[in-house]
Amino acid sequence: MVQAAAARAHTNIALIKYWGKRDDKLILPTSTSLSLTLDSFYTDTRVSPARGEDDQLILNGQVGGLQENSRVHDFINLFRDEARKKDYSGQETALCAAPIRVDSFNHVPTAAGLASSSSAFAALAWALRDYFGLADSMDDRILSTFARQGSGSATRSIFGGLVEWLYGSDSSDSYAYQIDDGNWDLGMIVVALSTEHKKISSRKGMKHTVDTSAFYPLWRQASEKDLAQAEAGIRNHDLDQLGRAMEANVMKFHATMFAADPPITYLTSRSWEVIEYVWDLRERGISCYFTMDAGPNVKILCHKSQATTLAEDLRTAFPEALVWQAAAGSGPSNIEKGEWDKMYGGIIDYNI
Ligand code: PMV
């Protein structure tokens with residue numbers, strides 16, 4: 001065990017979506033999903049002993065809300081349970097039981113459909129493994145099954161590049177692994193049309209869809225076909241094959257919500273404008289494909305070598321949008337104390 005541990009994890013965007021749980025508590029998905037970990041967006045998280053009596057979350061320097069705190073507390077308990085199985089010295093056993101303070105800095109617009117929970121729970125999982133000294137018994141695949149129980153998409157942020165999260169047979173083998181490092185001519189542009197909190201959380205939206213959508217029974221099978229096509233595109237390093245499969249999948253993802261009762265959608269008229277812009281670019285021979293998540297923002301898969309020009313075009317066409325570009329990012333890494341202090345030492349209030 002260490003006195004404090006810090007980690008950085010990158011966010012990921014699903015190319016083949018996870019949309020539904022078959023077990024709400026363990027967060028077991030109804031289908032296998034596939035994502036690209038992005039280099040531009042990440043969360044930095046540090047865990048250390050807390051001063052008070054409870055676990056505490058400090059998010060971007062602010063004390064976390066009740067709901068966020070309790071989610072983090074439950075998550076920490078998963079690691080405490082693992083740590084209790086180890087043969088620690090007396091001092092370490094006491095530290096195991098002691099409350100933990102979590103300082104987390106999101107370099108992702110929070111809750112804007114950019115899956116900030118993916119990097120948040122992956123960074124927390126990585127730091128907690130270190131804090132409790134669990135590395136011997138918990139390799140990255142096993143760690144991804146823990147990250148999964150914080151937020152489904154976090155399973156995939158335990159790895160860099162193109163990552164698959166398996167349906168699995170139970171909690172132990174519904175893990176993620178890297179299928180390709182993504183270091184070929186592959187890029188992504190994020191067009192953020194709103195950085196406001198989404199109206200329906202992905203958790204609620206997916207449950208409502210599973211419970212009520214007339215199209216949901218078709219989702220799993222259709223998604224498997226899209227996945228097979230996407231995997232072939234990745235094997236061939238063929239952006240068009242991968243992009244076609246990704247776009248086909250996101251259209252079905254939204255269709256499940258159109259068919260929910262009552263219907264829901266995350267698409268706005270502005271999202272459609274960007275989608276049509278992407279389709280126009282394609283008509284003009286530029287390889288680019290869209291996907292979206294539980295928010296109005298649009299992500300565009302494209303050639304990395306064309307991303308700068310495309311991002312400029314999008315900024316001109318949608319001046320009120322925020323446009324970022326990204327490429328394949330790496331898996332999580334530890335942040336050394338000196339590095340952490342340099343970045344955040346001046347802004348953290350350790351007396352909170
Ligand atoms: O991990 P959650 O509960 O935030 O759900 C993520 C759901 C989507 O982003 C819409 C799809 C995905 O596979 O990431």
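Model, not experiment: these values are computed from the prediction. Remember, it's 1-based here, ligands and their atoms both numbered in the order they're listed.
Considering both main-chain and side-chain atoms, R203 never comes within under 3.5 Å of ligand 1 through any nitrogen or oxygen pair. Not a single N or O atom of K21, backbone or side chain, sits closer than 3.5 Å to an N or O atom of ligand 1.
A cation-pi arrangement, defined by a distance under 6.0 Å to the six-membered ring centre and an angle within 45 degrees of its axis, is absent between R84 and F132. Judged by the 6.0 Å and 45° rule, R46 forms no cation-pi pair with Y131.
Near A14, meaning under 4.0 Å from one of its heavy atoms, ligand 1 places the atoms 12 (C), 13 (O), 14 (O). Residue contact check: S153 has heavy atoms under 4.0 Å from atoms 1 (O), 2 (P), 4 (O), 14 (O) of ligand 1. Against a heavy-atom cut-off of under 4.0 Å, S117 is close to the following atoms of ligand 1: 4 (O). The ligand atoms of ligand 1 that sit less than 4.0 angstrom from a heavy atom of G152 are 1 (O). The distance from ligand 1 to the heavy atoms of W19 drops below 4.0 Å at these ligand atoms: 10 (C). Within ligand 1, the atoms closer than 4.0 Å to a non-hydrogen atom of D293 are 8 (C), 9 (O), 10 (C), 11 (C), numbered from 1 in the order shown.
Proximity of the aromatic rings of W165 and Y18 is defined here by a centroid distance below 6.0 angstrom, and this criterion is met.
Evaluation of the side-chain contact (heavy atoms from CB on, under 4.5 Å) rule for D341 yields K337 as partners, not counting sequence neighbours.
The shortest side-chain heavy-atom distance between S31 and R220 falls under the 4.5 Å cut-off. Between N77 and H73, some side-chain heavy-atom pair lies under the 4.5 Å cut-off. Contact check for K207 versus K204: no side-chain heavy atoms found under the 4.5 Å cut-off.
In S202, the part holding a heavy atom less than 4.0 Å from any atom of ligand 1 is the side chain.
Summarising the contacts of atom 12 (C) of ligand 1 with K17, K204, M206, R156, the nearest heavy atom is found in R156.
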